[in-house]
Amino acid sequence: MASSLPSVHNEWLNLFSHVSSLLHVPPSHTSELPDLDARTTARLIDHTLLAPAATLDQISTLCVEAREHHFRTVCVRSNHVAQAKKDLLGTDVGVASVVGFPSDDDYPSYTTARKVAEARSAIADGATELDMVLNYDALKEDGQVSENDQTSMYTAIYEDVMAVREAAPKPTLLKVILETSQLTDEDVARACVICCLSGADFVKTSTGFRGHGATLEVVQLMRAVCDVCQSEGLTTGRVQVKASGGIRTIDDVRKMVSVGAERIGASAGVAIISGLNRRNSGIPKALEDRVRGDYHISEANQRLQSTVTESSQPGSPYSPANGQNAV
Ligand SMILES: O=C[C@H](O)COP(=O)(O)O
């Protein structure tokens, strides 16, 4: 692994070119979506409440829901980890803490020291998983760095993730949020390579606070890049993909799983499971749609479907091979 780590800017660029030359994003899923039962679906979901103004009562309600449905984790801000841990003692639900997360309308770039301190505090309070935000703004500085520069922002981005990884060694799971709505496909791919080299367990699409959430294309691209990194020996194991942001229905989940997501971050976890149960119990679709409407399903579907059609650059190595979109 150490010999694979670039040290200067143009070594990073060479590595990115090498990975992209091997990249084959498969055709988008066009046929059957996977059947998922309620238990399997729940174990895919990080049941999420990240509103900065969330109260302890709301966190406790989140935990009651997570216990009832057996979600994989609750995903909360670090100041809520201790409460969630207490509420979930003796259950099969983990606690995931975000690190370096934005607030409603502020997207600060946290220092590495601050992320490390937040990670340590969350783990001390009982977090079993961390969802840290990548320093994704730095990815956009590529044009300002010459290929001969000895320093590279890619090294700085890598070191930021590594510092949190070292503060949160396995078995704590480390997910790195790319905030894909803010990135080009090329930058998404580069971010995935950096995360793979840093020993992340997951790459995750979105915070849900900035721009649109997960799209099928970006999940598919992230899966493909992580596969290339693994086959090229750039990872210590399989790096998984977490889709988050705007996932509201069981069909949204099925679509994301069909293109490679192995974890779902959603604040609509209860609605997703309830919709699935109603469907399985044969409640007429018209009634289901009316109930689901309470959760702004049609708006979420529109968001998902419109982002699905924002295709990657045709002909680029980051585009699906046949350009078809999943629906
Ligand atoms: O990390 C997860 C996201 O914040 C969830 O976003 P969402 O509220 O659109 O489900």
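Start at 1 with the first residue, then count along the sequence. We count ligands from 1, going down the list as the structure has it; atoms in each ligand are counted the same way. We use all heavy atoms of the structure for the numbers below, so side chains are in, but hydrogens, waters and symmetry mates are not.
Using a 4.5 Å cut-off between side-chain heavy atoms of Ile, Leu, Val, Met, Phe, Trp and Tyr, Phe202 falls into a hydrophobic cluster with Leu173. Grouping Ile, Leu, Val, Met, Phe, Trp and Tyr by side-chain contacts under 4.5 Å, direct or through others, puts Val76 with Leu49, Ile59, Leu62, Val74, Val81, Leu88, Val93, Val95.
Of the N or O atoms in Lys204, one or more lie within a sub-3.5 Å distance of an N or O in ligand 1. Of the polar atoms of Gly246, at least one N or O is found under 3.5 Å from an N or O of ligand 1, judged by distance alone. Between Lys242 and ligand 1, a contact under 3.5 Å exists for no N or O pair.
Asp57 and Ser60 share no donor-acceptor pair across their side chains, judged by distance under 3.5 Å alone. Looking only at atom types and distance, the side chain of Thr235 has no donor-acceptor partner in the side chain of Gln230 under 3.5 Å away. With 3.5 Å as the limit, one finds a donor-acceptor pair spanning the side chains of Thr112 and Asp160.
Side-chain atoms of Ile194 and Trp12, non-hydrogen and from C-beta on, do get closer than 4.5 Å to each other.
Listed by number with element, the atoms of ligand 1 under 4.0 angstrom from any heavy atom of Ala266 are 10 (O). Residue-ligand proximity, Leu50 to ligand 1, at heavy-atom distances under 4.0 Å covers atoms 1 (O), 4 (O). Numbered from 1 in the order shown, with element, the atoms of ligand 1 that lie under 4.0 Å from a heavy atom of Gly245 read 6 (O), 9 (O).
Only the backbone of Thr207 comes within 4.0 Å of ligand 1, judged by heavy-atom distances.
No heavy atom of Cys75 sits closer than 4.0 Å to any atom of ligand 1.
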